[in-house]
Amino acid sequence: MRAGAASLAAVVLALAPAATPAYAEPVAVTSAGADLVSVGLDGDTMSLRFRRDARAAGHDPAEVVLGPDGGLAGRVPDGPAFAFLGRAGHPVWALSAGDTGFPALDTTGVRPGAVADDRVTLALRSVDGPGTFTAYTLCGLGAATPLFGNGPGVPGSTRLPAGTRTGGVVWAFDAAGDYRLTLTASAVLRSGGTARAEATYRVRVPTIAPAGVSAPAPLEPAVGATARALVAPKVAAAPKPAAAAPKPLAAPQAAAGPATGRQVISDGHVDMGPQLNGDTWTIRIKGDRSSPPVWRETADVVLHVKDKARITVPGGADFLGKQGDTVWLLPQTQQAGLVWPGWNTQHESVVSGVKGNVTWTLKGVNGPGRFALFLTGSFGSENVLFDSTKPFPQKLDIPLNTHTHGNWAFGKPGLYRLAVQMSGTTTAGRAVSATKTLTIAVGDSTDPNTGFAAGAGTGSGAGGNGDGDADQGSAGPLPRTGAGWVLPALAVGVVLVAVGALLMVLARRRAALRTR
């Protein structure tokens, strides 16, 4: 019996490691497009999770290690805007991959009205690591706002609005090594109690070696500017990681019909993106101000840019205008009281029914001033995507399952119409394309209701030629602020010349008849 017991014990010990996976090493992941902190509230119970993207299920942060891939090495820019990161020129490493795919802080799991003041407090309880950690958001032209961290002068906590996703978030570290960050999320319930959750994040920072040391001249603030803006030293971005492949679906999910009724949107989060329904490909506007989100036809939406968005152009920002000019700027990160437009390729019908990238083409701009769309990098540098003073068309490739926000700049108040085309290839190999009109009313003096023009981009397209021009609608002549006005002007000139010649012939005939 002793021999049998010993044999049984040996078998149990041999099997024990395989049956105890709790101590397995966490999986290394990148943070591109992820919700670093996803706060949820179920009754009185709060949770704090990590999500690879907005469509994925959450994970216990202890199950993953963030980094060392997918980050960006740089140097603290000169000037006050990024001084919270340390002395100018000091190497830092950011948990982001340049100017796209920024991670976010997510409170969409906390229903508005469920907690007092509709606010969730996110606090940094402790930092175990070789250096200083700082979380911040990019907020406009070469500017940043610290959220929380363990550096001097940086707050230890921040308050996030419930039911929102705060994008453009950067986690920065000033020394290589392994870090453990313990975060707590809390909120006061309507009942008077407090809901609270805590989690520890692991971040592996590689050797910080910024590529390139030369820096362009910093942006000098214009006279009367309310804040100094700057360009960070230009550094070569680390190779951007490929987006995690979405789970395959049994069949492409068809897009549901859009909501009806016209809507002026001047505040909150909206996205423009494609949808696929059978062979029909279209572009719609997604509004996140309600739960679940609502998709609308572009012709039924006018985005209103309030005067709160006005800034003064600093020196060096030539893509916005002359130093001292006033422009209306919707920043890359959300600001209360301003509409926050972005673009995405995350609709289920697109993720499951399209292969390769989606191409966004700006075909023209009709408006009273210059339009520019640009991205701000982790350390303040700018990447201009679209500029209405340049020749059209202008193109941008967008990977599937991508959600991005940028800085939208308008040179003068008034009504702007952007002819936007999105094209792709279905999993069946069919080329699909649609062109719609995105309407933006800029300035408090502009009535946004004048933007609801009949037939403005109400069509949708499908087919192999990828043209889609017929879907643009009758929103007015496009473009007006770019080089593409030449051909329409020539066409009008030819017509006028022909009419003039015809009138001359008729006049001569009449004169000849009189002389007879």
Side-chain angles (χ1 to χ4, degrees), residues 74-85 88-89 98-99 136-145 168 212 214-235 305-333 335 337-339 341 362 365-392 394 405-416 418 440-446 479-483 485:
R75 297 184 186 276
V76 178
D78 187 15
F82 286 82
F84 58 84
L85 289 177
D99 52 24
Y136 62 93
T137 57
L138 301 162
C139 51
L141 187 61
T145 300
S214 61
L219 293 178
E220 293 298 332
V223 176
T226 57
R228 178 182 173 107
L230 53 94
V231 170
K234 296 291 184 179
V235 295
V305 184
K306 298 293 190 68
D307 282 348
K308 181 180 178 180
R310 288 185 300 184
I311 68 166
T312 301
V313 177
D318 296 338
F319 62 94
L320 290 181
K322 297 179 181 179
Q323 180 175 348
D325 286 350
T326 297
V327 298
W328 282 252
L329 180 71
L330 296 176
Q332 187 166 307
T333 54
Q335 290 188 11
L338 293 179
V339 63
L362 181 63
V365 176
N366 184 341
R370 184 175 189 172
F371 164 73
L373 176 61
F374 65 98
L375 300 174
T376 303
S378 300
F379 306 117
S381 58
E382 284 82 33
N383 177 17
V384 180
L385 304 179
F386 297 129
D387 184 344
S388 66
T389 66
K390 306 297 182 182
F392 295 108
Q394 301 169 25
H405 285 265
N407 303 281
W408 302 65
F410 304 87
K412 294 181 180 180
L415 199 65
Y416 291 75
L418 278 58
I440 304 103
V442 177
D444 291 352
S445 61
T446 303
R480 185 171 132 191
T481 66
W485 62 269

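Atom OG1 of Thr326 sits about 12.0 Å away from atom CG of Leu320, to the nearest 0.5 Å. One distance of note links CG of Asn407 with NE2 of His405; it measures 11.5 Å at 0.5 Å rounding.
Nearest heavy atoms, Ser445 versus Pro413: OG-CB, 4.3 Å. Shortest non-hydrogen contact noted between Ala441 and Thr446 is CB-CG2, 3.9 Å.
Looking only at side-chain heavy atoms (C-beta outward), Lys308 and Leu338 come within less than 4.5 Å of each other. Residues Trp408 and Val305 have side chains not in contact (no heavy-atom distance under 4.5 Å, counting atoms from C-beta outward). Counting heavy atoms from C-beta on, the side chains of Phe374 and Asn383 never come closer than 4.5 Å. Under the 4.5 Å side-chain criterion, counting only non-hydrogen atoms from C-beta, Asp307 is in contact with Trp328. By the 4.5 Å heavy-atom criterion applied to side chains, Leu375 and Gln332 are counted as neighbours. The shortest distance between side-chain heavy atoms of Ser388 and Tyr416 does not fall below 4.5 Å. With a 4.5 Å cut-off on side-chain heavy atoms, Phe410 and Val327 do not count as touching. Leu330 is listed as a side-chain neighbour of Val339, based on a closest heavy-atom distance under 4.5 Å.
No side-chain donor-acceptor contact under 3.5 Å links Asp78 to the backbone of Ala88. Checked by atom type and distance alone, the side chain of Glu382 never pairs as donor or acceptor with a backbone atom of Thr376 at under 3.5 Å. Under the 3.5 Å distance criterion, the side-chain polar atoms of Gln394 are matched with a main-chain donor or acceptor of Lys390.
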Task: CA sep, side-chain torsions, deciding dist, call: Leu362, Leu418, side chain to side chain contact (heavy atoms under 4.5 Å, CB included) - done: CA-CA 7 Å; Leu362 181 63; Leu418 278 58; 4.1 Å; yes

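With ring centers used as reference points, Phe371 lies 6.0 Å or more from Phe386.
By the 30° and 60° cut-offs, the orientation of the rings of Phe84 relative to Tyr136 is perpendicular.
Under a 4.0 Å N-O distance rule, the pair Arg370/Asp387 qualifies as a salt bridge.
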